[in-house]
Structure formats: C-alpha cells, structure tokens
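Quick caveat, the model's predicted, so the values are computed rather than measured.
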Amino acid sequence: MSINAAAPSGQLKWVDLRSSSMKREDNKVSPGVTGSSAASFTAMLQQAAGTTSTTGSSNRSTNVALADTSSMDGLLWQQLGEAAEAKGDISGEITQTVPTDYEELIQTASSKYGVPVDLIKAVIDTESSFNPNVVSSAGAKGLMQLMDGTANGLGVSDPFDPAQSIDGGVRYLSYQLKRYDGEEKMALAAYNAGPGRVNKLGVSSDAELMANLSGLPKETQAYIAKIERARAQYAL
C-alpha cells in the first residue's frame, strides 16, 4: 500500500525482515515518530472522520507517523470510528471463499468491520502474497503492507504479526470504504495511494474514478486491476 518513487513503475521490492538487523531484538518495529508527521497524520484522520474539509494534499496517509498513539486511541480514533458507524454498514455481502492459512483471522476481521472476505483476501494476496514477513522498498510491512505511521495509528505494535496486520489493515480499509460510501475502487485507490490522491481527482464514484484513472500513479492504476483479478480467484 505504498508508492516508492525510486522503484520502477508498478513494482515493489520486498525483503524479509524477520532476520534483518533493521528490526529490534524483540521483533518490534521502531516507529520513528516525529511531531510534524504526527500533525499530518492527525489531519488525515480528521478528514476521514469528517471533522475537517477535504484538502488537495497529495501527501499519502500511509507515509506519515503518529506521535502519541495512546492518547489518539481514546480521542481521534474513537471519533473516526463513530463517524464511520454513523455512515452505516459497508455495502457488499460477505461471501464464501477459497480458504487460506489465515482463515480465522480474516473471517473475524470481516465480521468485525463489515468488509467482504474475498476482498480482504484479494488485498492480502496483492499486497504481500500472504507472506507476513515482507517489507516493500517504501517501508510498508506485513500481510497488509502497513506503513509505520498508519500501523501506529491503528494500534498495530508489530506489523509482522498476522493477527495485528489483518485487523489493522481491514480496519483501515473499512474506513476508506465508508469514506467513499462503499465505492470499492475509490477505497482501494485510497488504500494504495492515499485519500489525498483520490480526493484530488474530484470524483465521487467508481465510474468517475475509472474515467480519470490516468490521474493516479501507474502503480495504483495496476493495483485496482490486480485486486479484481485476485478477488475472482477467491470468490466461490
């Protein structure tokens, strides 16, 4: 769910961090938080909660860090959850799907956040090929490729832990689905490129998004198609 300008278009490089010196001995990823990035992440979350007007910022929500996770859990994240709940359930049925190694975790997250199982599996497949130990060249980690700032904001202390990654990633995806009134392609574009990039297009539906797809990074254009192909493989 991250774009690396230095990498070839549409490509991400992965490395296994379980044995890498980039991780601390306790297998926890250091968030590397700064005050200014915390303010940026707070502003993004307030937008999702509907508490601020939408800006044309091209900063990706997945590339910023959050300073005080404990305080945000009781304030902004609660506010965001309440706003999402007020918009109602996500459209789309939770269907029977081809089973995976993380079936119970996926089913639990699907029921908890109202995101279809086949969509969750398609996102995980596309993001990490169901490898919980990978990190992209841009720094996104784990099954659902969470950036450190996003992971911290979601209360994910170890993005390489499948349970935390799936719960946090599906929760974040559910926010995007509710933000865009169930328009899945818009939500997926926001998950990959950030809500700011999607909002900058000035579109309000999947059809309008596809008509203006060239306005998104090439990786995101390919990402939406990859999700659709993967979803078809898991749906029964």
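- Atoms CG and OG, from Leu119 and Ser174 in turn, are 11.0 Å apart once rounded to the nearest 0.5 Å.
- Partner of Tyr175 under the side-chain hydrogen bond (donor to acceptor under 3.5 Å, both in side chains) criterion, chosen from Arg171, Lys178, Arg179: Arg171.
- Donor-acceptor pairing under 3.5 Å is recorded for the side chains of Asn192 and Thr220.
- Evaluation of the side-chain contact (heavy atoms from CB on, under 4.5 Å) rule for Ala211 yields no partner, not counting sequence neighbours.
- Put simply, the side chain of Lys141 gets close to the backbone of Gly139: a donor and an acceptor are under 3.5 Å apart.
- Rounded to the nearest 0.5 angstrom, Lys185 NZ and Leu213 CG are separated by 10.0 Å.
- Every side-chain contact (heavy atoms from CB on, under 4.5 Å) that Leu105 has, sequence neighbours left out, goes to Tyr102, Pro162, Ala163, Ile166.
- Looking at heavy atoms from C-beta onward, Ile106 lies out of side-chain contact with Thr97 at the 4.5 angstrom threshold.
- For Asp167, the salt bridge (Lys or Arg N to Asp or Glu O under 4.0 Å) partners two or more places apart in sequence, or in a different chain, are Lys112.
- No side-chain donor-acceptor contact under 3.5 Å links Ser129 to the backbone of Asn131.
- The two atoms that bring Arg231 and Asp118 nearest to each other are NE-OD2, 3.1 Å, heavy atoms only.
- Residue Tyr180 forms a side chain to side chain contact (heavy atoms under 4.5 Å, CB included) with just one option from Val203, Val198, Leu188, Leu209, and that option is Val198.
- Residues Met147 and Ala140 share a closest heavy-atom pair of SD-N, 3.4 Å.
- With sequence neighbours excluded, the residues that form a side chain to side chain donor-acceptor pair (under 3.5 Å) with Tyr234 are Asp125.
- Contact of the Thr150 side chain with the Tyr172 side chain is registered, since non-hydrogen atoms from C-beta on lie closer than 4.5 Å.
- Interatomic distance, Leu146 CG to Leu154 CG, rounded to the nearest 0.5 Å: 6.5 Å.
- Side chains of Glu127 and Tyr223 form a contact here, defined as non-hydrogen atoms less than 4.5 Å apart.
- When atom types are taken as modelled, the side chain of Ser110 and the backbone of Val115 share a donor-acceptor pair closer than 3.5 angstrom.
- Taking every heavy atom of both residues into account, Leu143 and Ser128 meet most closely at O-OG, 2.7 Å.
- Atom CE in Met144 sits 10.0 Å away from atom OG1 in Thr126 (nearest 0.5 Å).
- Qualifying side chain to side chain donor-acceptor pair (under 3.5 Å) partners for Glu103, counting only residues two or more places apart in sequence or in other chains: Gln107, Lys121.
- Nearest heavy atoms, Ser157 versus Gln164: N-OE1, 2.8 Å.
- Listed by first then second residue, pairs satisfying side-chain hydrogen bond (donor to acceptor under 3.5 Å, both in side chains) with a partner in residues 202-213 read Ser204-Glu208, not counting sequence neighbours.
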